[in-house]
Protein chains: 2
Amino acid sequence: MTINETNLQFRLAARPVGMVKDSDWQQVSEPVREPADGEVVVKVLYLSLDPAMRGWMNEGKSYIAPVGIGEVMRAGGVGVVVASKSPEFAVGDYVQGGTGVQRYWVGPAGDKRHGFRKVDPKLAPLPTYLNTLGMPGMTAYFGLIESGQPKAGETVVVSGAAGAVGQTVGQVAKQLGCRVVGIAGGKDKCDFVVNQLGFDACIDYKGGSVKDGLKEHCPNGVDVYFDNVGGDILDTVLTRINLKARIVICGAISQYNNTTPVKGPANYLALLVNRARMEGIVVFDYADRYHLGIAALGRWMKEGKVKSKEDIVQGLEHFPQALNMLFEGKNFGKLVLQVAAE
Amino acid sequence: MTINETNLQFRLAARPVGMVKDSDWQQVSEPVREPADGEVVVKVLYLSLDPAMRGWMNEGKSYIAPVGIGEVMRAGGVGVVVASKSPEFAVGDYVQGGTGVQRYWVGPAGDKRHGFRKVDPKLAPLPTYLNTLGMPGMTAYFGLIESGQPKAGETVVVSGAAGAVGQTVGQVAKQLGCRVVGIAGGKDKCDFVVNQLGFDACIDYKGGSVKDGLKEHCPNGVDVYFDNVGGDILDTVLTRINLKARIVICGAISQYNNTTPVKGPANYLALLVNRARMEGIVVFDYADRYHLGIAALGRWMKEGKVKSKEDIVQGLEHFPQALNMLFEGKNFGKLVLQVAAE
């Protein structure tokens with residue numbers, strides 16, 4: 001078995017300060033090595049680009065070790081097995097796992113850190129396995145249900161509404177009988193989540209006041225706020241929460257490239273006044289139940305009740321610019337980098 | 001029945017900006033009126049001075065209506081019934097309730113807003129009914145147990161450790177088998193909570209670095225943080241919390257007199273990294289179970305396992321200065337104003 005191909009890797013060259021610069025990356029080309037016994041070679045087709053990746057590039061204690069300088073950048077991907085010396089995977093199997101930002105992944109098939117599992121391209125398009133049926137979908141499904149605990153009739157607000165996690169949060173909340181109000185940047189994104197995904201309303205934070213939007217669209221206050229952005233929007237929503245409200249802290253994309261300290265929520269005493277709760281979530285905590293989330297979301301997708309939108313950028317060489325799109329609010333739907341044709 | 005006495009009231013004259021000034025109060029003297037049918041006259045003996053009172057003086061939505069301009073300042077007190085036209089209370093009964101900042105309270109015995117109930121001066125000294133067996137004790141007991149949910153062996157940190165709520169939080173946590181570390185201002189307060197109340201350690205935030213203190217005294221991290229102060233101390237504790245930590249937001253005394261916006265917790269993303277929770281509490285939510293809290297704390301006090309410390313200032317005329325002691329960190333134990341001799 002000879003893999004006569006060249007791998008291209010994006011390795012972390014320096015810890016970024018503020019927005020990631022091209023010079024923070026090192027591109028390395030080298031031949032794809034032969035798999036040893038028990039190993040597979042996965043040709044990467046799609047890579048998931050996520051706000052969390054910015055955090056993995058920083059030093060310091062977090063929920064996962066930082067990517068080391070000189071290491072291949074961590075990323076989830078979908079690919080196809082092109083060589084196998086493992087009984088677990090056969091050539092031609094489509095798999096999802098921690099491929100990293102490169103053209104080929106070579107390693108032990110059962111490597112827990114990378115967690116490869118087979119996916120079925122007939123059940124759903126491959127990019128969906130990086131979105132609704134992947135980490136963002138699991139984050140949305142379990143974060144909303146377990147931490148947000150929405151009840152039918154309650155009002156759920158979600159920021160980053162057109163993004164990977166936000167789109168699924170809102171659609172799941174609709175399935176649970178909630179009033180759903182999104183917050184997103186731009187009329188196109190707002191129209192999309194209302195007209196295509198069935199949100200009850202969406203507030204365009206670039207086009208007007210979030211405070212006024214919340215007053216208009218959440219006449220009964222906010223029971224659950226699923227926060228992907230932090231910053232001023234979190235502070236504004238805090239002024240409208242109800243008694244016993246639940247705030248799910250999933251991310252803070254507005255703060256990830258700060259070179260000044262993170263802006264803490266100045267209105268956090270609204271938690272006291274309203275006996276409300278703010279809780280952080282990390283998707284890995286639900287790993288032993290992903291199959292349940294995938295089953296529920298897969299069923300809703302099949303029934304047309306939950307839709308999936310990806311924003312697919314072509315070409316591994318555009319990885320640095322594509323990643324920064326997330327922090328400029330330029331992606332529309334789950335951002336996916338296509339590395340090779342299916 | 002003639003009450004030949006003069007009442008002295010402190011009424012709110014203006015909404016304070018920053019620290020409360022003498023000119024924010026209006027002192028009014030007038031004869032004590034006769035009780036009508038169903039009413040009682042309570043002679044106030046002790047008044048509870050609490051950080052929350054500062055919040056009641058501000059306009060705006062909160063967990064309780066603000067005190068109106070021209071109204072007697074709201075306060076809890078202990079007094080003795082000196083005249084009664086109600087079958088509920090007899091002359092000589094000692095009672096606890098919402099007396100307001102004045103020498104005499106006259107009103108319907110069963111008035112829900114003021115919630116008078118009899119207390120037994122033989123079971124505990126009267127000021128105790130404004131401390132461990134009163135609102136601060138109930139806040140500590142239910143806030144810690146219901147929101148903090150400490151388990152034996154866990155580390156509980158409490159700020160304002162020598163204050164009314166803090167002293168009871170720490171002692172209850174010790175009864176539950178926790179390691180208890182206080183944060184207080186000054187060596188005297190720290191020595192007191194360690195040597196008299198049995199805390200495992202106490203960090204003097206005026207005498208050194210809270211961060212270093214937490215490293216030294218919480219080698220296994222922080223599982224529960226009961227926050228009475230907010231500001232920098234909250235932010236520092238957030239850097240030391242454990243996975244699934246619970247942060248109880250009871251108050252933010254460092255922020256109540258701000259003329260600039262409240263300082264939000266810049267490190268709130270520690271909640272995400274640690275899948276931790278921050279929840280606000282208000283004591284009134286536990287009103288239907290106060291009797292259970294009083295029974296538990298009363299038993300521990302009788303057994304010598306929980307102690308009660310009050311800082312008693314003499315004289316209603318010193319109310320404005322006494323209230324400000326809270327915000328200057330000058331009180332040592334629960335601050336009580338003695339209005340009349342027992």
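Letters A, B, ... are given to chains in the order of the sequence lines, protein chains preceding strands, and every chain is numbered from 1.
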Practice problem: Step by step, work out the side-chain contact (heavy atoms from CB on, under 4.5 Å) result for A:Val262 and B:Tyr268. | Solution: CA-CA 9 Å; A:Val262 165; B:Tyr268 85 106; 4.0 Å; yes

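- If you take CZ on A:Arg277 and CZ on B:Arg277, they are separated by 6.5 Å, rounding to the nearest 0.5 Å.
- Proximity to chain B (any heavy atom under 4.5 Å) is shown, for A:Asn267, by neither the backbone nor the side chain.
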Self-check item: From CA spacing to verdict: side-chain contact (heavy atoms from CB on, under 4.5 Å), A:Leu271, B:Glu279
Solution: CA-CA 6 Å; A:Leu271 298 177; B:Glu279 188 173 47; over 6 Å; no

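- Within 6.0 Å of atom NZ in A:Lys21, more than 12 heavy atoms from other residues, nucleotides or ligands are found, so the atom counts as buried in its surroundings.
- Interface residue A:Leu234: only side-chain heavy atoms are found under 4.5 Å from chain B.
- No more than 12 heavy atoms of other residues, nucleotides or ligands sit less than 6.0 Å from atom NZ of A:Lys211.
- The candidate with the highest count of non-hydrogen atom pairs below 4.5 Å against chain A, out of B:Ala270, B:Gly264, B:Gly55, is B:Gly264.
- Atoms CG and OH, on A:Leu269 and B:Tyr63 in that order, are 11.0 Å from each other to the nearest 0.5 Å.
- Both the backbone and the side chain of A:Pro265 come within contact range of chain B, judged by heavy atoms closer than 4.5 Å.
- With values rounded to the nearest 0.5 angstrom, B:Met278 atom CE is found 10.5 Å from A:Ile247 atom CD1.
- Here the closest non-hydrogen pair linking B:Leu272 and A:Val282 is O-CG2, 3.3 Å.
- Only the side chain of B:Asn274 comes within contact range of chain A, with at least one heavy atom under 4.5 Å from a heavy atom of that chain.
- With a 4.5 Å cut-off on non-hydrogen atoms, A:Ile249 touches chain B through its backbone and its side chain both.
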Self-check item: CA sep, side-chain torsions, deciding dist, call: A:Arg275, B:Ile281, side-chain contact (heavy atoms from CB on, under 4.5 Å)
Solution: CA-CA 5 Å; A:Arg275 299 76 144 168; B:Ile281 59 152; 5.8 Å; no

